[in-house]
Engineer: 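Have a look at this one.
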Amino acid sequence: MDRPLTTSEVPPRFLNSALLVGHIPHRALASDPRLSYSLYIPPEHYSHGAGVERDDPVPAKLPLVVSIHGTRRHFRDIYDLVPFAESMPCAVLTPLFPTGLDGPNDIDSYKVLRSKTLRADLALLSMLDEIAFRWPGIETAKIFLMGFSGGGQFAHRFLYLYPERIAAVSIGAPGRTTALDDQQNWPAGIKDVETLFGKTVNKALMRKVPIHLAIGSADVKLHGGDEFWDWLRQMKAQRSAGKPVANVTEGLQFVEQGRIDTMQELRKSWKRDGIETHLDVVEGVAHDGSGVRECVLAFLRPWIKKQFND
């Protein structure tokens, strides 16, 4: 069988045996096997090939939460979010963008969506296409996107390019952000977005997306400290002497201020464009995604329920 098996072909009583519900084995992305993803699909809510049966004859599609990892690629969410997925109900997708894609020291390429060898935005869209084909009972047209730290960088940039694909988004403590600034090139601003991505930033659509910002009140330390960033600048200068900038990831800004200031600046700049956000600053929490998780899920919960019940 060289064609993917779909849930529409498998009797409900065999879905678990076919590994098509529950924890789905880690899958390579067909369009770029360097990348992969995990899924969790609540078994009891997929017993009819879709979601829970409602009073009408059309089964309810399961909403899809997409959790984007941070720089260290911790992969706990596919397990930690199971109770939430069961209670909503919703499915959970956790993509993996490994390090080293654009070279031995590459850790950031996925965060800016486009790099020398990677289009992380298109990769996520391809994952959604694969899920839509194999699990037609999962809602992939509009997703619930969440990301903390490096995942927050990905999430807000994906929002810029694909607001029509996002039902709600939670952006947690990004160390660097892209401003809606048409005087600076990507990823500092959006001046060359159409050239790079073949899309423009649609602020009117962004205004329709429920946007959550989350950070801890104690998330005040500059990652690595000033001494680390001074050393990194010197090292990059030495290694790049006489060499042209090879790709957009090399244009990443150095981290020069704390994450709270970065998030507040982003929020204020969006507000000037009429883009409203809900900000949660969690008391006593440092740079810890698990420490802000409760408020993230509390924000997403009513929007997920609304999509499921509509």
Side-chain angles (χ1 to χ4, degrees), residues 29-37 64 66-73 93-103 105-131 140 142-182 184-203 205-206 209 211 213 245-255 262-263 266 269-270 275:
L29 179 63
S31 61
D32 188 346
R34 301 177 303 167
L35 313 179
S36 59
Y37 60 93
L64 180 62
V66 180
S67 179
I68 306 296
H69 60 67
T71 307
R72 293 189 184 274
R73 276 77 174 171
L93 165 65
T94 55
L96 175 59
F97 300 98
T99 62
L101 294 175
D102 275 0
N105 302 310
D106 166 41
I107 59 174
D108 292 324
S109 56
Y110 79 100
K111 302 174 187 177
V112 294
L113 307 188
R114 178 186 174 119
S115 67
K116 184 168 55 178
T117 71
L118 177 66
R119 281 289 300 270
D121 60 326
L122 298 184
L124 177 54
L125 294 178
S126 293
M127 293 176 193
L128 296 178
D129 288 342
E130 289 191 8
I131 293 168
T140 58
K142 279 184 173 286
I143 62 173
F144 296 88
L145 184 61
M146 56 186 281
F148 185 83
S149 195
Q153 292 193 46
F154 179 103
H156 86 280
R157 293 180 179 121
F158 193 85
L159 169 66
Y160 284 178
L161 298 181
Y162 305 98
E164 73 281 0
R165 297 298 300 268
I166 299 179
V169 60
S170 179
I171 299 158
R176 307 178 182 94
T177 58
T178 295
L180 291 176
D181 182 349
D182 58 11
Q184 295 189 79
N185 284 334
W186 189 271
I190 60 172
K191 178 180 178 181
D192 56 349
V193 159
E194 190 168 9
T195 300
L196 291 175
F197 296 99
K199 293 176 66 68
T200 58
V201 175
N202 190 324
K203 297 178 183 178
L205 287 182
M206 282 186 63
V209 178
I211 302 172
L213 304 176
V245 174
N247 61 75
V248 72
T249 61
E250 296 185 25
L252 273 172
Q253 316 100 295
F254 284 93
V255 177
T262 296
M263 182 164 281
L266 182 68
S269 70
W270 283 357
I275 300 167

Engineer: Output yes when a side-chain donor or acceptor of Arg165 lies under 3.5 Å from a complementary backbone atom of Ile143, and no otherwise.
Structural biologist: no
Engineer: Going by heavy atoms in the side chains, are Leu128 and Leu64 under 4.5 Å from each other?
Structural biologist: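 Yes, side chains in contact.
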Engineer: Is the backbone N or O of Thr195 less than 3.5 Å from a side-chain atom of Asp192, with the two atoms forming a donor-acceptor pair by type?
Structural biologist: no
Engineer: For the CE atom of Met206 and the NE2 atom of His156, what is their distance to the nearest 0.5 Å?
Structural biologist: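 Those atoms lie 8.5 Å apart.
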Engineer: Would you say Lys199's side chain and Leu161's backbone share a donor-acceptor pair under 3.5 angstrom?
Structural biologist: yes
Engineer: Determine yes or no for a side-chain-to-main-chain donor-acceptor pair under 3.5 angstrom, with Arg157 supplying the side chain and Leu113 the backbone.
Structural biologist: no
Engineer: If I compare all heavy atoms of Ile166 with all of Lys142, which pair ends up nearest, and what's the gap?
Structural biologist: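 That closest heavy-atom pairing would be O-NZ, 4.0 Å.
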Engineer: What pair of heavy atoms forms the shortest contact from Trp270 to Leu159, and how long is it?
Structural biologist: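 Taking Trp270 first and Leu159 second, the nearest heavy atoms are CH2-CD2, 4.3 Å.
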Engineer: Which heavy atom in Leu35 sits nearest to a heavy atom in Pro98, and how many Å separate them?
Structural biologist: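 Heavy-atom minimum between the residues: CD2-CD, 3.8 Å.
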Engineer: What is the minimum heavy-atom distance between Tyr162 and Leu122, and which atoms define it?
Structural biologist: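 Looking at all heavy atoms of both residues, the closest pair is OH-CD2, 3.8 Å.
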Engineer: Specify the closest pair of heavy atoms between Glu194 and Thr200, including all atoms of both residues, with the distance to one decimal.
Structural biologist: OE1-CG2, 3.6 Å
Engineer: Hey, is NZ on Lys191 packed in by over 12 heavy atoms from elsewhere, all under 6.0 Å?
Structural biologist: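 Counting other residues, nucleotides and ligands, NZ of Lys191 stays at 12 neighbours or fewer.
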Engineer: What are the two closest heavy atoms between Asp102 and Asp106, and how far apart are they?
Structural biologist: N-OD2, 3.1 Å
Engineer: Let me see the working for Thr71 and Lys111 under side chain to side chain contact (heavy atoms under 4.5 Å, CB included), right down to the final yes or no.
Structural biologist: CA-CA 9 Å; Thr71 307; Lys111 302 174 187 177; 2.6 Å; yes
Engineer: Is a donor on one side and an acceptor on the other found under 3.5 Å between the side chain of His69 and the backbone of Thr94?
Structural biologist: no
Engineer: Taking the side chain from Thr117 and the backbone from Leu101, do they hold a donor-acceptor pair closer than 3.5 Å?
Structural biologist: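 Pair found, side chain donor or acceptor close to backbone of Leu101.
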Engineer: If you round to the nearest 0.5 Å, how far is CZ of Arg72 from CD1 of Ile107?
Structural biologist: 9.0 Å
Engineer: Less than 4.5 Å apart, any side-chain heavy atom of Arg176 and any of Asp108?
Structural biologist: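 A side-chain contact under 4.5 Å exists here.
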Engineer: Calculate, to the nearest 0.5 Å, the distance between atoms CZ and CG belonging to Phe158 and Leu124 respectively.
Structural biologist: 4.5 Å
Engineer: Using 0.5 Å steps for rounding, measure from the OH atom of Tyr160 to the CH2 atom of Trp186.
Structural biologist: 7.5 Å
Engineer: With rounding to the nearest 0.5 Å, note down the distance linking CD1 in Ile131 to OG in Ser126.
Structural biologist: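 So the CD1 of Ile131 and the OG of Ser126 are separated by 11.0 Å.
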Engineer: Between OG of Ser109 and CZ of Arg119, what distance do you get to the nearest 0.5 Å?
Structural biologist: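 If I round to the nearest 0.5 Å, the distance is 13.0 Å.
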Engineer: Using a 3.5 Å distance criterion without hydrogens, assess whether the side chain of Tyr110 forms a donor-acceptor pair with backbone atoms of Ile68.
Structural biologist: no
Engineer: Judged by atom type as modelled, is there a donor-acceptor pair below 3.5 Å linking the side chain of Arg34 to the main-chain atoms of Leu29?
Structural biologist: no
